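Not measured: the values here are computed from a predicted model. What's counted below: heavy atoms across the whole structure, side chains too, no hydrogens, waters or symmetry copies.
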Amino acid sequence: MIKYRELGWLPSDKTYSNRFGSWSNALKQAGIGQTNAKFAKSYSREEIIKRLQHYYEENAYSITYNLYKEKNYSPTLNTIRKRFGTWNRALKAAGIPINREVAGKYTKQQVIRALQRGAGDQSYITVQEYVKRGIRPSIDTVHGLFGSWSNATRAAGLYKMNKDA
């Protein structure tokens, strides 16, 4: 998966993980065996909590979704979301304060309008497009107010188009 991600191929490895439940399942469905001997570790809730607490302390008692992603910590954010549902629920379970101070500057309605403006004529906007175009408020604020990107886009009436529909 790491090599696939480094090559920048599309669709992303996250798309495969979301559609098939995991990267490993996607490979199995495609009839491809796991070629990397260093297979992804499975983390328990307790292990994730300990790691989050460690990273929180390591970063001067501050940890954000973007910082975690930027530092490429493990387990992956996808693993954390699968175990806890959302980033904020994982932080709560670890006893780490949620960064709502930033989110407090914006209302949910302001975020919804920003998402809708960002999507323009399209029926959906991806996190990557949102960040690339420098739309404000930040992704951390969107997650802080809505718990996830999906919740925010749903609240804004933006939906991914289903190929089968």
Side-chain angles (χ1 to χ4, degrees), residues 1-23 26 40 43 48 51-94 96-163 165:
M1 169 175 60
I2 293 170
K3 188 65 162 173
Y4 184 90
R5 188 178 294 156
E6 288 171 0
L7 293 169
W9 291 344
L10 294 175
S12 73
D13 58 286
K14 286 185 180 185
T15 299
Y16 285 110
S17 292
N18 289 339
R19 294 245 168 87
F20 295 95
S22 71
W23 176 254
Y43 293 89
I48 293 171
R51 285 184 176 246
L52 285 171
Q53 291 168 338
H54 171 76
Y55 299 141
Y56 176 67
E57 291 173 19
E58 182 180 280
N59 289 285
Y61 298 95
S62 175
I63 190 77
T64 65
Y65 182 91
N66 284 342
L67 176 68
Y68 193 94
K69 185 176 180 180
E70 187 179 296
K71 294 217 175 195
N72 202 25
Y73 285 140
S74 63
T76 64
L77 288 164
N78 195 37
T79 298
I80 291 171
R81 281 191 301 271
K82 283 183 180 178
R83 288 271 189 256
F84 293 91
T86 68
W87 170 252
N88 284 341
R89 284 189 199 136
L91 292 181
K92 283 181 184 178
I96 297 171
I98 296 168
N99 297 325
R100 295 232 182 238
E101 304 80 53
V102 176
K105 295 180 184 177
Y106 292 90
T107 65
K108 283 188 172 185
Q109 196 55 43
Q110 288 171 317
V111 172
I112 287 170
R113 282 195 301 272
L115 289 166
Q116 290 168 339
R117 277 192 312 274
D121 300 4
Q122 305 300 313
S123 62
Y124 190 76
I125 184 168
T126 65
V127 172
Q128 293 81 3
E129 290 168 344
Y130 188 88
V131 171
K132 183 179 177 183
R133 293 171 42 205
I135 300 170
R136 293 284 172 223
S138 72
I139 296 299
D140 286 337
T141 300
V142 174
H143 283 212
L145 285 170
F146 290 92
S148 73
W149 182 256
S150 294
N151 291 343
T153 54
R154 237 181 269 118
L158 303 172
Y159 301 95
K160 283 187 179 179
M161 297 303 289
N162 184 346
K163 289 192 300 188

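Taking the side chain as every heavy atom from C-beta outward, Tyr56 and Leu52 never approach each other to under 4.5 Å. Taking 4.5 Å as the limit, every side-chain heavy atom of Phe146 sits out of range of all side-chain heavy atoms of Asn88.
Interatomic distance, CD1 of Ile63 versus CD1 of Ile96, reported as 7.0 Å (0.5 Å rounding). Asn66 contributes atom CG, which lies 9.0 Å from atom CG of Leu77 (distance to the nearest 0.5 angstrom). Rounding to the nearest 0.5 angstrom, the gap separating the CD1 atom in Ile80 from the OG atom in Ser74 is 9.0 Å. Atom-to-atom distance recorded for Gln53:CD and Glu57:CD is 7.0 Å, nearest 0.5 angstrom. One distance of note links NE2 of His143 with OH of Tyr65; it measures 5.0 Å at 0.5 Å rounding. Annotation: the span from Gln110 atom CD to Arg113 atom CZ amounts to 6.0 Å, rounded to 0.5 Å.
Side-chain N/O atoms of Arg81 and Thr86 include no donor and acceptor closer than 3.5 Å.
Residue-environment remark: NZ (Lys69) stays at or below the threshold of 12 foreign heavy atoms within 6.0 Å. Within 6.0 Å of CD in Gln122 there are 12 or fewer heavy atoms belonging to other residues, nucleotides or ligands.
Side-chain atoms of Glu129 come within 3.5 Å of backbone atoms of Thr126 as a donor-acceptor pair (strictly under, hydrogens ignored). Arg83 places a side-chain N or O within 3.5 Å of a backbone atom of Tyr43 that can act as its donor or acceptor partner. Side chain of Thr141 to main chain of Pro137: no donor-acceptor pair is present (N/O by atom type, distance under 3.5 Å, no hydrogens or angles).
Across every non-hydrogen atom of Pro75 and Arg51, the tightest pair is CD-CD, 3.6 Å. Of all heavy-atom pairs spanning Arg133 and Arg117, the tightest one is NH2-O, 4.4 Å. Across every non-hydrogen atom of Thr153 and Leu115, the tightest pair is N-CD1, 4.2 Å.
Partners of Tyr55 according to the ring-ring contact (aromatic ring centres under 6.0 Å, His included) rule, which considers only residues two or more places apart in sequence or in another chain, are Tyr68, Tyr73. Partners of Phe84 according to the ring-ring contact (aromatic ring centres under 6.0 Å, His included) rule, which considers only residues two or more places apart in sequence or in another chain, do not exist here. With sequence neighbours excluded, the residues that form a side chain to side chain donor-acceptor pair (under 3.5 Å) with Arg154 are Asn151.
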Point to revise | CA sep, side-chain torsions, deciding dist, call: Thr107, Leu145, side chain to side chain contact (heavy atoms under 4.5 Å, CB included) | key: CA-CA 8 Å; Thr107 65; Leu145 285 170; over 6 Å; no
Check your understanding: When you look at Tyr130 and Val142, which way does the side chain to side chain contact (heavy atoms under 4.5 Å, CB included) test go after all the steps?
Key -> CA-CA 11 Å; Tyr130 188 88; Val142 174; 3.9 Å; yes
